[in-house]
Amino acid sequence: MLIGKSSKILSSEITSESAYLSRRSLLKGLGLVAGATSMPSYALTQPKSSDLPLYPGPDWLRPKLESAKTTWSLDEELTPYDSVITYNNFYEFGLNKEDPYERAQNFKTDPWQVEILGEVERPGIYNLEDLLAKVDIEERIYRFRCVEAWSMVIPWLGFSLASLIKQLNPTSNAKYVEFVTLEDPEQMPGQRSLFSTIDWPYREGLRIDEAMHPLTLLAVGVYGQAMPPQNGAPLRLVVPWKYGFKSIKSIVQIRFRETMPQNTWRLTASQEYGFYANVNPTVDHPRWSQATERRLPSSLFNPRIIETQMFNGYEEVAPLYAGMDLSKWY
Ligand SMILES: Nc1nc2c(c(=O)[nH]1)N[C@H]1C(S)=C(S)[C@@H](COP(=O)(O)O)O[C@H]1N2
Ligand SMILES: [Mo]
């Protein structure tokens, strides 16, 4: 198991991952895990206790989630399940943090198809189930830092984007990868909203070497279960060293390209949001500082402000940007 760098939060605030693991073993010992119907029986990190819905996911996905092993962990307190699934940015379902949880519960995420196109040897429209046939699901506990200066620690379930890209065989012209979210105004009220300044569908992109980096994850679940719709079911990107807006949700298209793709927030406000969007405490957003962040759950009386780390603490990605002026390439 790879252990990442710990941050500066108080040890008294830390509920270690092992507490979750031992709780699971305890439940297992009592025969409660396998038998319980209200809780999925498989994964390593379960919601501690919650009255909120659980997301078992489609039958075809469950055995894959069940066999997941934790391959990446952190010595930091996990953000509680309830915060992870109710405090969301998913503008297709509204602008307020609680909108996606309140409005996405009936979002249809199975069956799901993903179109692969562009500079690649195996283009086509794939059922998600087929696209995932050869990948192993892992649990990875990552920091997640939104450009709005809040952060979480989230136990994702997914697979490295690189493992999929290798199967698809991009051509030597593939310098970038572009991702596109579903456009479906009937299901996504935010896409019908007259107040939206976003040009739908939401899109994002990575340079091919960023896409191939072993940290870059395509996630299909969180907290031991399938991905909740509000978190970007059934397939979303997670790039832990970049601001959260790069981690595009509910992906329906992956295009290999020779040229740099546009991305939604750069299209919307290019003075404020760029293509790279690497977490960087020394490059402030034009309207606020990026030097610190609120580690959720945060309140007026317990704001839990911590220092933001370069590349969100994932310094192993620094060579990807050698020689680049990161204040210019924000
Ligand atoms: N399609 C789509 N993807 C998206 C967004 C969005 O509005 N639409 N918001 C982004 C932003 S700003 C953040 S911080 C993360 C939030 O992910 P979470 O709700 O799972 O924490 O999703 C990102 N991916
Ligand atoms: Mo964000």
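Indexing begins at 1, ligand by ligand and atom by atom, following the structure's order.
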Does the side chain of Glu119 come under 3.5 Å of the side chain of Tyr176 through a donor N or O and an acceptor N or O? no
Have a look at ligand 1 and work out which part of Tyr243, if any, has a heavy atom under 4.0 Å from it: side chain, backbone, both or neither. neither
With no hydrogens and no angle check, just 3.5 Å: does a side-chain donor-acceptor pair link Asp284 and Gln290? no
Stepwise, does the salt bridge (charged side-chain N to carboxylate O under 4.0 Å, His left out) test hold for Lys249 with Glu92? CA-CA 10 Å; Lys249 297 178 167 181; Glu92 286 83 340; over 6 Å; no
Going by the order shown, which atoms of ligand 1 are within less than 4.0 Å of some heavy atom of Cys146? 14 (S)
Only heavy atoms of Tyr91, strictly under 4.0 Å: list the atoms of ligand 1 that pass. 6 (C), 7 (O)
Would you check whether Asn231 has a nitrogen or oxygen atom less than 3.5 angstrom from a nitrogen or oxygen atom of ligand 1? yes
Will you find, in the side chains of Arg203 and Gln253, an N or O donor that is under 3.5 Å from an N or O acceptor? no
Pick from Arg145, Arg295, Arg143: which one makes a side-chain hydrogen bond (donor to acceptor under 3.5 Å, both in side chains) with Ser151? Arg295
Compare Arg145, Lys249, Glu92 and give the one whose heavy atom is closest to atom 8 (N) of ligand 1. Glu92
Minimum non-hydrogen distance to atom 20 (O) of ligand 1, winning option of Arg236, Gln230, Glu183: Arg236
Does ligand 1 have a heavy atom under 4.0 Å from the side chain of Lys246, from its backbone, from both, or from neither? neither
Ligand-residue contact atoms, ligand 1 with Thr181, heavy atoms, under 4.0 Å: 1 (N)
Carboxylate-amine/guanidinium contact Glu77 Arg304, below 4.0 Å: yes
Of the side chain and backbone of Tyr202, name the one, both, or neither that has a heavy atom under 4.0 Å from an atom of ligand 1. side chain
Which ligand 1 atoms does Asn88 reach within 4.0 Å, using its non-hydrogen atoms? 18 (P), 19 (O), 20 (O)
Give a yes-or-no answer on whether the side chains of Lys97 and Asn89 include a donor-acceptor pair shorter than 3.5 Å. yes
Within ligand 1, which atoms have a heavy atom of Phe245 less than 4.0 Å away? 10 (C), 11 (C), 12 (S)
Name the closest protein heavy atom to atom 9 (N) of ligand 1, giving the residue it belongs to and the distance to 0.1 Å. Asn89 O, 3.2 Å
Show your working on side-chain hydrogen bond (donor to acceptor under 3.5 Å, both in side chains) between Glu102 and Asn96 and close with a plain yes or no. CA-CA 10 Å; Glu102 286 172 3; Asn96 299 315; over 6 Å; no
Please state whether Ser247 comes within less than 4.0 angstrom of ligand 1, counting heavy atoms only. yes
Does either side chain, that of Tyr202 or that of Gln191, offer a donor lying less than 3.5 Å from an acceptor on the other one? no
